[in-house]
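This report refers to the structure that appears directly beneath it.
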Amino acid sequence: MKRKKLYKSNGIKTASPADTLELSDVKKIEQFLIDKGNKNAIRDYTMWALNNNIGLRAMDLLTLPINLLFKNDKVVDHFVIYEQKTNKRRIIELNNKAKSVLQYYYDMNKDILKDKGWNYLFPSQKPKINAQGKKYYDHLTLSAYDKILRKAKNGADIDSYLTVSSHCSRKILGCTLLEHGVPIEQVQALFQHNTPETTLIYTQIRKKYVKELYHQVEI
C-alpha cells in the first residue's frame, strides 16, 4: 500500500501530529468552513483559503486592514506589509484564487463593514470601548482562529491524530510550491528565510520525496 504524503511543519525529523496535513485534508477543511452555514462561515473560509495561497504568518493575516486590500470596492493585485516577527518588508502578490475569495467576501460584507466602521479584514464580532467611550472592532485573535480550525478539523472528517492550527498555511504553501517544482531559492525568497536550509527544515521536504524524484530521471 502506498503511504500517504504528509505535510510536516514541526521542523524535526520525526513525524509529529502537530500541524501535519495532507493536501486532500486542506480541501476538506475549506469545504467544511464554507458549508457550515453560520454567520461567520464566509469569513472563516476566506481566512483559510486566502492564507493557503499567500502564506502569511497568522498574526500578519489577522491584522490586515481592509483599506490595504481594496481600492474603490475592488481587490488589489498586490499589497505591501512589514512582517510583525521580522519587520521585513514583503510584497504580497494575489493569485486568482486569493483575489476571488477576497472579492466575494468583501461583496458579501461591504455594507456591514461600512456601517460598523470595521478597520480589519477579519474583525472580532464583539465590540470594544475606546477611551472616548466609542465602540470599535478589533481584529480576530489568534486563539479564536485556532479554535475555528480545531472545530473545522473535527467536523471535516480529518484523521483524529492530526492537529490543525493557524500556522498550517505557510507549511502548506511552501510544500506545495516545492513539490510542484518551484526552485528552493524562490520559496526561500517568498518566506524571507535567511538560508535555503531553513526553508527545507521549515517545510520538511523528506528524503523519500527526493528519492521519488530520482527514480523519475533516466539519462
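The first residue of the sequence shown is numbered 1, and numbering continues consecutively from there.
Checked against side-chain hydrogen bond (donor to acceptor under 3.5 Å, both in side chains), K74 has no partners two or more places apart in sequence or in another chain. When the side chain to side chain contact (heavy atoms under 4.5 Å, CB included) test is applied to D157, the partners found at least two apart in sequence or on another chain are K28. Here T141 pairs with S143, A144 under the side chain to side chain contact (heavy atoms under 4.5 Å, CB included) rule; sequence neighbours left out. When the ring-ring contact (aromatic ring centres under 6.0 Å, His included) test is applied to Y120, the partners found at least two apart in sequence or on another chain are H139. Residues satisfying the side-chain hydrogen bond (donor to acceptor under 3.5 Å, both in side chains) criterion with N154, sequence neighbours excluded, are absent altogether. A search for side-chain hydrogen bond (donor to acceptor under 3.5 Å, both in side chains) contacts involving K128 returns D138, not counting sequence neighbours. Looking at residues two or more places apart in sequence or on another chain, you find no side chain to side chain contact (heavy atoms under 4.5 Å, CB included) involving N96. In this structure, the side chain to side chain contact (heavy atoms under 4.5 Å, CB included) partners of D60, at least two apart in sequence or on a different chain, are L56, R57, I81, E83, Q84. Evaluation of the salt bridge (Lys or Arg N to Asp or Glu O under 4.0 Å) rule for K97 yields E30 as partners, not counting sequence neighbours. Every residue two or more places apart in sequence or in another chain that forms a side-chain hydrogen bond (donor to acceptor under 3.5 Å, both in side chains) with N52 is listed here: S169.
In this structure, the side chains of R89 and I91 come closer than 4.5 Å at one or more pairs of heavy atoms. A 4.5 Å side-chain heavy-atom check between M47 and L149 finds every atom pair outside the cut-off. Proximity of I42 to L33: side-chain heavy atoms (C-beta onward) are nowhere separated by under 4.5 Å. A heavy-atom distance below 4.5 Å is found between the side chains of R43 and Q125. Y106 is not listed as a side-chain neighbour of L69, based on a closest heavy-atom distance of 4.5 Å or more.
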How far apart are the C-alpha atoms of D77 and K99, what are their side-chain angles, what is the distance that settles it, and do they pass the side chain to side chain contact (heavy atoms under 4.5 Å, CB included) test? CA-CA 8 Å; D77 294 321; K99 291 171 71 174; 2.5 Å; yes

Step-by-step side chain to side chain contact (heavy atoms under 4.5 Å, CB included) determination, L102 to F70: CA-CA 9 Å; L102 276 172; F70 298 93; 4.1 Å; yes

Should I29 and V164 be marked as a side chain to side chain contact (heavy atoms under 4.5 Å, CB included) after you check the CA-CA gap, both sets of side-chain angles, and the distance that decides it? CA-CA 9 Å; I29 291 172; V164 179; 3.8 Å; yes

Stepwise side-chain hydrogen bond (donor to acceptor under 3.5 Å, both in side chains) check, S166 with D146: CA-CA 5 Å; S166 56; D146 277 327; 2.9 Å; yes

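Heavy atoms only, all atoms of each residue included: L64 and L68 are closest at CD2-CD2, 4.3 Å. Listed here is the closest heavy atom pair of Y105 and L121: OH-O, 2.6 Å. Between Y137 and S124, the closest heavy-atom pair is CD2-O, 3.3 Å. What you find for D73 and Q103 is that their closest heavy atoms are O-NE2, 3.0 Å. Taking every heavy atom of both residues into account, L94 and V76 meet most closely at CD1-O, 3.2 Å.
Sorted by first and then second residue, the ring pair (Phe, Tyr, Trp, His ring centres under 6.0 Å) pairs involving residues 75-102 (not counting sequence neighbours) form an empty list. For residues 28-59, there are no ring pair (Phe, Tyr, Trp, His ring centres under 6.0 Å) pairs, not counting sequence neighbours.
The line from CG of N130 to OH of Y136 is 7.0 Å long, rounded to the nearest 0.5 Å.
The number of heavy atoms from other shown groups lying within 6.0 Å of OH (Y104) does not exceed 12.
Each of N40, T63, L50 was scored for a side chain to side chain contact (heavy atoms under 4.5 Å, CB included) with F122, with one residue passing: L50.
Put simply, the side chain of Q31 never gets that close to the backbone of V26: no donor and acceptor are under 3.5 Å apart.
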